[in-house]
Protein chains: 2
Amino acid sequence: MIDHEGPTPLYVQVADAIAARIEAGELLPDRPVPSENQLVQEYGIARGTARKTIQLLRERGLVVTIVGRGTYVVSKRPQAGR
Amino acid sequence: MIDHEGPTPLYVQVADAIAARIEAGELLPDRPVPSENQLVQEYGIARGTARKTIQLLRERGLVVTIVGRGTYVVSKRPQAGR
DNA sequence: GGGCATTTGTACGTATGTATG
DNA sequence: ACATACATACGTACAAATGCC
């Protein structure tokens with residue numbers, strides 16, 4: 001699933017994997033995505049890489065992060081356009 | 001100039017300092033900003049912190065980065081809208 | 001109020017890869 | 001071949017926010 005050798009950065013691969021899980025409905029709106037530590041364990045990556053994964057998903061507008069709580073799939077509500 | 005104790009993250013402080021230098025015309029459009037290694041030496045920070053500084057400036061639209069070359073103050077030109 | 005676990009944020013250091021000149 | 005500079009990835013430690021007991 002994750003290729004530690006290929007040219008695609010790990011954090012991109014993992015972000016794509018998470019995005020696919022959201023797309024597939026496995027991870028639902030307003031529900032948490034795996035925590036950084038869970039990503040570390042599930043995908044065998046370092047925490048810094050897990051953080052970049054989450055950051056990328058945030059930049060893609062797929063998740064939102066709340067300090068001390070976790071990162072959640074964005075709500076499906078109107079959300080005022082943007 | 002840089003407060004290693006206060007509540008403001010180092011990378012934000014350094015980014016603000018660089019932004020001020022751009023604002024003041026000390027760093028000019030299409031000219032390079034200090035490299036990561038230079039930031040490390042000039043401000044006494046770690047490389048990772050220097051990277052986050054540059055990243056923040058990039059997100060603020062103040063600089064652009066070219067791999068293998070360096071990071072430059074954005075041009076003042078029309079830049080075709082976007 | 002305190003204590004604890006969980007989670008994200010910051011900051012450090014190191015190594016290797018890739019692009020440019 | 002070499003030097004410079006950014007990109008990725010690893011690891012570690014501590015701080016801050018949250019939630020629960």
Side-chain angles (χ1 to χ4, degrees), chain A residues 1-19 21-22 27-75, chain B residues 1-19 21-22 27-75:
Chain A
M1 215 181 191
I2 300 299
D3 179 12
H4 282 250
E5 315 300 328
T8 306
L10 286 181
Y11 73 94
V12 175
Q13 291 185 52
V14 178
D16 287 345
I18 300 296
R21 289 167 66 179
I22 293 174
L27 298 172
L28 299 171
D30 294 312
R31 299 288 297 167
V33 299
S35 72
E36 294 175 359
N37 285 333
Q38 285 175 329
L39 290 180
V40 167
Q41 294 182 5
E42 293 180 17
Y43 292 95
I45 59 180
R47 190 178 165 217
T49 306
R51 285 186 62 74
K52 293 193 71 171
T53 292
I54 299 297
Q55 178 188 8
L56 181 54
L57 290 170
R58 214 157 38 218
E59 288 169 0
R60 289 182 182 174
L62 294 179
V63 302
V64 293
T65 296
I66 306 173
V67 180
R69 290 267 303 280
T71 300
Y72 298 79
V73 179
V74 291
S75 170
Chain B
M1 212 181 191
I2 299 300
D3 179 12
H4 283 251
E5 316 301 328
T8 306
L10 286 181
Y11 73 93
V12 175
Q13 291 185 53
V14 178
D16 287 345
I18 300 296
R21 290 168 66 178
I22 294 174
L27 298 173
L28 299 171
D30 294 313
R31 300 286 296 166
V33 299
S35 72
E36 294 176 357
N37 286 333
Q38 286 175 329
L39 290 180
V40 167
Q41 294 181 5
E42 292 180 19
Y43 292 95
I45 58 179
R47 174 104 194 279
T49 306
R51 283 187 61 72
K52 295 187 72 171
T53 292
I54 299 295
Q55 178 187 10
L56 181 52
L57 290 170
R58 215 158 36 218
E59 287 169 1
R60 288 182 183 174
L62 294 179
V63 303
V64 292
T65 296
I66 305 175
V67 180
R69 288 267 301 279
T71 300
Y72 298 79
V73 179
V74 291
S75 170

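If you're wondering where the values come from, they're calculated on a predicted model, not measured in any experiment. Numbers restart at 1 for each chain; the letters A, B, ... are given by sequence-line order, proteins then strands.
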Mapping A:V12 and B:N37 onto DNA chain D by nearest heavy atom, which one lands closer to the 5' end?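 Closer to the 5' end of DNA chain D: B:N37.
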Looking only at side-chain N and O atoms, does [X] come under 4.0 Å of OP1 or OP2 in [N]?
X     : N      : result
B:R69 : D:dC6  : no
A:Y11 : D:dA9  : no
B:T49 : C:dT10 : no
A:K52 : D:dA9  : no

Expressed in angstrom and rounded to an integer, what is the separation of [X] atom [atom1] from [N] atom [atom2]?
X     : N      : atom1 : atom2 : value
B:E5  : C:dC12 : CD    : C1'   : 15 Å
B:L10 : D:dC14 : CG    : P     : 17 Å
A:L56 : D:dA9  : CG    : C1'   : 15 Å
A:Q13 : D:dT8  : CD    : P     : 12 Å
A:I66 : C:dT6  : CD1   : P     : 19 Å
B:H4  : D:dA15 : NE2   : C1'   : 16 Å
B:R51 : C:dG17 : CZ    : C1'   : 12 Å
A:E36 : D:dA9  : CD    : C1'   : 15 Å

Hey, is A:E42 close enough to A:R21 for a salt bridge, meaning N to O under 4.0 Å?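 Salt bridge: yes.
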Side chain of [X] only, heavy atoms from C-beta on: which candidate in [options] is closest?
X     : options               : result
A:V67 : C:dA19, C:dG9, C:dA15 : C:dG9
A:I45 : D:dA7, D:dC10, D:dA5  : D:dC10
B:T71 : D:dC6, D:dA13, C:dA11 : D:dC6
B:A46 : C:dC12, D:dT8, D:dA17 : C:dC12

If pairing requires Watson-Crick or G-U wobble contacts with both distances under 3.5 Å, which nucleotide is the partner of D:dA1?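 No nucleotide pairs with D:dA1.
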Report which part of the nucleic acid B:I54 touches: base, sugar-phosphate, or nothing (heavy-atom distance under 4.0 Å, all strands).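 Here B:I54 touches no strand at all.
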Which part of the nucleic acid, if any, lies within reach of B:G48 when heavy atoms closer than 4.0 Å are counted: base, sugar-phosphate only, or nothing?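 Touches nothing.
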Mind listing the closest non-hydrogen atom pair of B:V14 and B:L39 along with its distance?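 Looking at all heavy atoms of both residues, the closest pair is CG1-CD2, 4.4 Å.
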Within-4.5 Å side-chain heavy-atom neighbours: A:D16 and A:R60: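 Yes, close enough: below the 4.5 Å cut-off.
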Give the intermediate values and the outcome of side-chain contact (heavy atoms from CB on, under 4.5 Å) for residues B:Y72 and B:I66. CA-CA 8 Å; B:Y72 298 79; B:I66 305 175; 4.3 Å; yes
Indicate yes or no for a side-chain donor-acceptor contact from B:Q55 to the backbone of B:K52 under 3.5 Å, with no hydrogens or angles considered.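 Pair absent, no side-chain N/O of B:Q55 close to backbone of B:K52.
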